[in-house]
Amino acid sequence: MFEANSQNELLTPSQNPLEPPLQHSPEPPREQPRQGRGGLRTGAIIGLILLLIVVFVIGGFAGWVFASAKSSATGTTTTTQAATTLDAVRESVAATAKPTIVEVYVTLATGAALGSGVIVDSRGYIVTNNHVVSGATTIQVILSNGTKEAAQLAGADAAYDLAVLKIAVPQGGLTVATLGDSTQLKVGQEVLVIGNPLGITQTVTNGIVSVLKRTVSEGQGGPTIQNAIQTDAAINPGNSGGALVDLQGNVVGIPTLTAIDPEFNTPANGVGFAIPANRVKTILPQFIQTGSSS
């Protein structure tokens, strides 16, 4: 018995053949570590932000390019429209003023002379330069429609190089120019000149008022004109007696002398002078009433 008990005591439960082996509980499954879920999410957010930045940058650049192109196109369109409008104004003024401009043809004891004139009164009065008709034995006026009319000298103001002619009013009447206020002229203002330089009738040139109240002397006993209007690139030789017109269609001066090039002692193209329209408005009623001016 002692020996048997000793053997039993030496047997462990698992070694007891009479008892079933112990069942060990399986270990609970270990949770797999999250492999960078936070990192993936952060990366996705950064990627989305970068994508949005790229979209905004590209969109902003495209918008800037479009706006620049639109602004440039608008500026070009505005400039073109302004130029077109100015051209239309010039054309309208020229078309309105041309019928008031006449060609003045005079015979002299020594030959003939040619100049221009402006119809300033519906009764047949025409303003021109005194030097155009001075010493004339006969004067003939050719209207813009080609009609020829004999003219008489109604008065002359040699000091201001102005003369007034009178013609019979043709059937259908005359187109009369509007005399403007020459005191309102500004340096830099655009003007047109319409006349018959060198016998080329109904010629229109444009330029600007460059100086006001210029004193001009023809020299050798010729007229000394006070408060003359100097223009650049408008009055050419041969425009004597024509019309200096503003862009409202008003006659603001009567072209008279051109500048003399001292190097060649010849008339200089592009620089000329005009008698202010306000002087014409002063002497015209006097010539019509008395034939002289004060």
Apply side-chain contact (heavy atoms from CB on, under 4.5 Å) to the pair Val102 and Glu149, showing each step before the final yes or no.
CA-CA 10 Å; Val102 303; Glu149 298 288 346; over 6 Å; no
Evaluate the criterion side-chain contact (heavy atoms from CB on, under 4.5 Å) for residue pair Val187 and Val211; output intermediate values, then yes/no.
CA-CA 6 Å; Val187 172; Val211 178; 5.8 Å; no
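Each of Leu244, Asp246, Val93 was scored for a side-chain contact (heavy atoms from CB on, under 4.5 Å) with Leu192, with one residue passing: Val93. Evaluated for a side-chain contact (heavy atoms from CB on, under 4.5 Å) with Ile126, the options Ile139, Leu174, Ile167 yield exactly one hit, Ile167.
In the hydrophobic cluster analysis, where Ile, Leu, Val, Met, Phe, Trp and Tyr join through side-chain heavy atoms closer than 4.5 angstrom, Val133 is grouped together with Val141. Both Leu162 and Ile288 belong to a single network of hydrophobic side chains, linked directly or stepwise wherever heavy atoms of I, L, V, M, F, W or Y lie under 4.5 Å apart. Clustering ILVMFWY residues whenever any of their side-chain heavy atoms sit less than 4.5 angstrom apart, transitively, puts Leu108 in the very cluster that holds Leu165. Grouping the Ile, Leu, Val, Met, Phe, Trp and Tyr side chains by contacts below 4.5 angstrom, directly or via other members, places Val245 with Val204.
The CG atom of Leu114 sits 10.5 Å away from atom CD1 of Ile200, with the distance rounded to the nearest 0.5 Å. Taking CD from Gln189 and CD1 from Ile208, the interatomic distance works out to 10.5 Å, rounded to the nearest 0.5 Å. Interatomic distance, Lys186 NZ to Leu212 CG, rounded to the nearest 0.5 Å: 8.5 Å.
In terms of heavy atoms, Gly241 sits closest to Asn129 at N-OD1, 2.8 Å.
The side-chain heavy atoms of Ile225 and Arg279, taken from C-beta on, include no pair separated by under 4.5 Å.
Counted within 6.0 Å of NZ on Lys281, heavy atoms from surrounding residues, nucleotides or ligands total more than 12; the atom is thus considered enclosed.
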